[in-house]
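See structure below.
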Amino acid sequence: MELSKNYIPQEAENKWYEHWVKSGYFSSTPNEKPAYTIVIPPPNVTGVLHMGHCLNNTIQDILIRRARMQGYNACWVPGTDHASIATEAKVVQMLREKGITKSSLTREEFLAYAWEWKEKYGGIILQQLRKLGCSLDWDRTSFTMDDDYYQAVIKIFVQLYNDGIIYRGLRMVNWDPASKTALSDEEVIFKEIDSKLYYVKYPFVNSNSKNPNSNTDPSTLNPQLSTTNSQLPTPNYIMVATTRPETILGDVAICVNPTDERYKDWIGKEVIVPIINRTIKIIADEYVDAEFGTGALKITPAHDKNDNEIGRKHNLKTIDTLDADGKFATEQLMDEQPNELVMSYHGMDRFDLRKKIVEDIAALGLIEKIEDYKGQVGTSERTGAIIESRLSMQWFMDMKTFLGKHPETLSAVMNDEIKFHPAKLKNTYNHWLENIKDWCISRQLWWGQQIPAWYDENGTFVVAENLETAQKLYVERCKLNDTTYNPELSTLNLKQDEDCLDTWFSSWLWPMEVFKGISHPNNAEVNYYYPTTTLVTGQDIIFFWVARMIMAGFEFKQQIPFKDVYFTGMVRDKQGRKMSKQLGNSPDLLGLIDQYGADAVRFGIMIASPAGNDLLFDESGLEQGKLFGNKLWNALKLLHILNEKEKQVDDTSESTFASLWFEQRLNEVNISIEQDIKEFKLSEALKKIYSLIWDDYCSWYLEWIKPPQDQPINQYNIEKAFFFFEELMKMLHPFMPFITEEIYHSLNDRKEGDDITVSQLAIHNMQSIDERRTILNQGDVLQKMITSIRDVRIKQNLKPKDEIELQLPIAYQNELNPIIKTLQKQSFATSVSFVSEPVEKSITFMVDKMQCSFTTEKEIDTTQQKEQLEKERDYLNGFLLSVEKKLSNERFIQNAKPEIIEIEVKKKNDAIEKLKIIEESLNLL
RNA sequence: GGGAGCAUAGCUCAGCUGGUUCAGAGCAUCUGCCUUACAAGCAGAGGGUCCGCGGUUCGAACCCGUGUGCUCCCA
């Protein structure tokens with residue numbers, strides 16, 4: 001077989017992926033085998049592959065490939081999320097480039113464009129996952145707006161509405177003025193932003209004033225001293241510190257803390273709102289933090305959540321001065337007959353208004369000062385726009401009640417029925433559930449599941465899966481003599497709610513609806529695959545998605561949705577910064593795959609990815625992966641070269657020790673990585689396989705069985721070497737699928753259908769524990785001896801191949817017998833003999849408790865050796881002292897477990913024995 | 001402001017129930033080698049106040065308290 005000098009990933013990768021798919025290896029249908037199911041966290045349909053996906057999906061692929069090789073019916077379901085805000089924004093932008101505005105289109109026209117866009121560009125990411133080698137069952141590709149899926153979402157909306165869990169109401173919501181929609185709390189990202197704190201004076205209403213609401217010239221209200229208090233002069237204004245002066249025209253009160261001595265006497269007094277000259281009261285509420293600003297807070301119930309609550313508590317009016325775009329709106333001010341200045345603000349953007357209004361208030365002399373201020377500001381996760389708190393009519397889910405129905409949502413995680421990896425995230429989960437807020441599920445968008453509520457001309461509505469049912473329902477309600485339902489109105493005029501549902505309101509059904517568990521309940525597929533086995537996802541969507549899927553599981557299937565959740569950390573760059581477009585530190589993944597090969601990319605990501613921690617991405621990891629691929633390729637080449645040599649049959653244990661030893665190492669690591677993978681320590685497992693291949697197999701084993709030039713190779717060993725390499729490729733396959741498949745086919749001729757992807761992992765020729773330990777110990781001693789001899793050679797300035805004669809202690813002859821043949825070859829010794837004490841003019845060295853030595857014709861220099869022995873002696877003396885001290889400590893003897901004492905005694909005896917040998921060696925020098 | 005977590009070699013991290021000659025791995029560094037699978041390699045070596053302080057214990061990287069520094073989540 002001719003092999004190229006190096007492995008060329010690009011050719012092999014395309015070839016094998018096509019072959020796997022064509023062979024149907026990734027397709028799964030229910031059968032008698034146990035299922036291992038993973039549903040992909042559906043990437044946005046607008047998405048392109050980035051490092052986060054790469055990490056996520058590589059992990060899933062490793063788990064699913066390994067499960068497949070362990071005899072499970074492995075099923076990994078691909079798909080995409082319709083991502084209403086992100087997609088709608090993309091489509092709107094695309095239309096804008098064509099000169100079309102969304103407002104000029106009907107809903108149907110817009111959706112037609114959106115679908116066209118989706119068919120054309122959506123799901124690029126799924127193609128990219130193929131490049132990465134992901135073994136997804138493409139026949140099952142799902143989309144959260146597929147017909148059945150859409151109906152499933154509508155169905156559960158109606159169901160939850162009928163159960164009283166979903167309600168409609170006027171509430172403060174997080175408003176994104178950029179996309180003109182409400183957002184759930186989870187979609188708001190708090191950021192620290194440099195802003196200013198404006199100190200604004202609100203003049204007291206002049207008691208002499210005849211008409212406080214008249215457009216008095218505010219300049220007459222310049223602060224003067226009045227004497228409300230006989231002792232202290234009091235200014236005739238109250239000063240308020242605000243970061244949001246643009247909302248001043250919506251102010252309805254000033255609030256102070258009732259315990260605040262400064263303002264105690266002012267409660268109940270009236271002041272005038274600048275510019276608009278509205279008269280408002282000073283009220284008191286515990287909520288106000290006396291430490292912040294001036295201790296006086298302006299209350300704008302229309303534009304702040306907390307203000308809104310205070311407003312409700314104190315029965316204050318709500319005056320909305322901003323429209324859906326975040327522009328100033330005068331509609332709600334018209335009753336007050338606003339002056340020209342106020343009217344001139346109409347349509348002004350909130351941030352322009354902030355500047356303008358500050359100027360205008362300053363012109364009235366009512367700005368005391370402006371300070372720099374760092375504040376937390378909510379921004380939209382999707383558009384980045386600063387969030388406005390806005391009162392609007394929205395649909396909500398009553399999460400407290402819902403959770404009350406399903407306390408298992410919390411307990412299943414806390415008692416590990418659903419296992420979180422890392423477990424520390426259980427705390428986060430617990431904390432969120434205990435402080436859960438209602439979920440705003442409506443969005444003012446068109447791309448998504450349209451809310452199935454139908455309204456009559458008066459705004460009275462019914463909730464039903466479709467118009468027909470809605471009409472029937474409406475008629476029924478009329479018959480019940482409910483006066484809000486008007487039988488006079490034509491039911492044909494029922495109009496569906498314009499808004500659509502939050503994307504997550506569809507994603508939370510993902511693990512069941514990809515198997516049509518909602519749209520076709522209890523079908524054979526969902527019964528077989530659900531609950532799924534493992535979920536792999538980012539920590540950032542633990543609330544958005546994971547928690548809600550668990551709730552959905554209990555509500556709709558009375559079951560957990562998955563057994564294990566593996567949370568990946570965030571991918572950061574080498575300096576620990578988040579990957580972001582702005583920083584430009586997001587690598588081009590497809591470029592990297594082209595450059596290094598998909599296997600190397602997978603390797604590089606996994607080797608640096610400790611379980612549950614953030615991943616610091618560094619291209620050197622990919623380089624290491626590429627070099628590893630090269631190493632594998634070279635080992636393959638060597639195997640073929642050795643195989644072409646003349647074969648020699650010799651089954652003596654001396655000749656086959658290497659194979660016996662490696663087999664046990666292979667089994668040992670196999671068992672150990674099984675445990676690692678169970679615990680999701682994939683990085684650890686990969687490191688172990690890497691080291692097993694590079695160090696144990698290539699550096700030790702292949703060198704041990706390699707015959708000297710022009711000599712035949714041991715038949716048994718070369719056969720085993722091929723076998724072991726194949727097993728190693730199987731172990732590595734889930735991590736690096738392409739090169740292992742390529743090598744699998746280069747090792748032997750394979751029949752059709754004999755591919756590593758569908759091969760099975762197994763433990764072979766497992767010895768008893770005792771035998772295994774003996775063999776592994778012997779291998780260990782062999783390695784130590786070879787290393788020690790190499791070390792001594794370097795220190796003695798001997799070349800690796802300068803001839804030596806090796807002497808080993810006769811007391812250990814039986815133990816050492818199996819390894820001396822290999823030892824002699826690897827240490828280039830002309831002879832090995834067993835002696836009772838070191839021969840003259842030999843160089844001695846210690847291997848464990850064995851005193852070994854060799855002689856050579858060359859002049860030897862004992863000073864270095866002496867130094868080393870003395871160093872070791874000193875260390876051992878110190879060590880012995882500490883052990884003896886411990887053993888002579890009565891309390892230690894009393895309290896320590898017997899096996900610990902035994903170990904200490906053994907340590908002491910070993911040290912004494914070694915010291916004796918060292919002394920002897922030193923005397924010989 | 002509330003909560004959670006982290007701190008071990010130059011870097012990234014392992015280190016299980018406190019006890020094995022336990023202070024580890026990989027990368028990086030240094031030294032020597034063109035040894036015929038691989039110089040993209042081989043062989044060998046050095047490198048530490050386990051963040052500071054205090055406590056519990058016969059015994060602490062590990063448990064407790066405290067200080068410092070960092071990260072994340074929530075408001």
Side-chain angles (χ1 to χ4, degrees), chain A residues 3 5-7 185-186 188-190 289 291-292 305-306 376 378 422 424-432 434-435 437 539-540 542-543 569-570 572 574-576 607-618 620-621 623-624 626-642 675-676 679 681 683-684 686-688 690-691 694-695 698-699 702-703 706 709-710 786-795 797 799-801 828 848 872 875-876 878-880 882-883 885-897 899-904 906-907 910-911 914:
Chain A
L3 289 171
K5 184 169 191 303
N6 288 325
Y7 169 66
D185 289 343
E186 287 72 27
V188 178
I189 315 271
F190 282 85
D289 176 8
E291 303 294 312
F292 184 83
K305 266 185 195 169
N306 297 314
Q376 295 286 321
K424 63 183 177 189
L425 286 172
K426 283 158 77 172
N427 286 334
T428 315
Y429 181 80
N430 182 17
H431 192 252
W432 185 74
E434 283 182 349
N435 297 287
K437 306 254 165 53
Q539 301 181 1
D540 48 340
I542 183 167
F543 310 131
M570 200 182 300
R572 297 168 178 279
K574 217 171 154 180
Q575 287 128 55
I607 204 77
S609 178
N613 280 356
D614 283 357
L615 161 78
L616 271 73
F617 178 76
D618 183 355
S620 69
E623 188 64 28
Q624 199 188 345
K626 195 175 157 190
L627 296 182
F628 185 41
N630 197 48
K631 185 75 182 176
L632 297 175
W633 198 248
N634 277 300
L636 173 70
K637 285 198 302 195
L638 176 62
L639 282 179
H640 283 299
I641 291 168
L642 293 179
Q675 190 57 33
D676 287 338
E679 292 168 20
K681 296 177 179 170
S683 176
E684 289 290 306
L686 178 56
K687 278 177 190 167
K688 283 177 189 168
Y690 176 81
S691 168
W694 199 301
D695 303 326
C698 293
S699 296
L702 288 180
E703 294 301 328
K706 196 198 265 180
Q709 200 119 42
D710 307 323
I786 293 168
T787 304
S788 297
I789 293 167
R790 282 173 182 160
D791 186 30
V792 177
R793 275 179 187 274
I794 285 176
K795 291 195 168 120
N797 280 322
K799 295 238 165 67
K801 284 183 179 173
F828 297 95
D848 294 337
E872 204 166 331
Y875 170 78
L876 276 171
F879 177 74
L880 187 60
S882 78
V883 175
K885 197 176 148 196
K886 201 184 253 187
L887 281 169
S888 61
N889 183 335
E890 264 177 53
R891 283 195 289 181
F892 171 72
I893 302 294
Q894 276 165 16
N895 293 316
K897 283 180 273 182
E899 58 266 34
I900 300 295
I901 298 174
E902 208 175 302
I903 287 164
E904 292 298 319
K906 188 172 179 295
K907 278 197 236 171
D910 283 358
K914 273 191 193 176

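Naming: A, B, ... by sequence-line order, numbering from 1 per chain.
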task = Step by step, work out the side-chain hydrogen bond (donor to acceptor under 3.5 Å, both in side chains) result for A/Asp695 and A/Ser691.
result = CA-CA 5 Å; A/Asp695 303 326; A/Ser691 168; 3.0 Å; yes
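- Rounded to whole Å, atom P of B/C38 lies 15 Å from atom CG of A/Leu627.
- Checking B/A37, B/A43, B/G5 against the side-chain heavy atoms of A/Arg790 singles out B/A43 as nearest.
- Here A/Asn427 reaches the OP1 or OP2 of B/G5: one of its side-chain N or O atoms lies under 4.0 Å away.
- Looking at the side chain of A/Phe892, the nearest of the listed nucleotides B/C58, B/C42, B/C38 is B/C58.
- Comparing B/A37, B/A40, B/C58 against the side chain of A/Asn630 picks out B/A40 as the nearest.
- A salt bridge is absent between A/Glu623 and A/Lys626: the closest approach of a Lys/Arg side-chain nitrogen to an acidic carboxylate oxygen does not fall below 4.0 angstrom.
- Using a 4.0 Å cut-off, some side-chain N or O of A/Thr787 falls inside it from OP1 or OP2 of B/G44.
- Comment: A/Lys906 engages A/Asp910 in a salt bridge, judged by a side-chain N to carboxylate O separation of less than 4.0 angstrom.
- When the side-chain nitrogen and oxygen atoms of A/Lys801 are compared with OP1 and OP2 of B/U35, none of them lie within a distance under 4.0 Å.
- A/Gln624 contributes no side-chain N or O that forms a donor-acceptor pair with the base of B/A40 under 3.5 Å.
- Taking every side-chain heavy atom of A/Leu638 into account, B/A37 is the closest of B/A37, B/A43, B/A75.
- An OP1 or OP2 oxygen of B/A37 is reached within less than 4.0 angstrom by no side-chain nitrogen or oxygen of A/Trp694.
- When the P atom is used for both B/A9 and B/G5, the distance is 23 Å, rounded to whole Å.
- An OP1 or OP2 oxygen of B/A39 is reached within less than 4.0 angstrom by no side-chain nitrogen or oxygen of A/Lys631.
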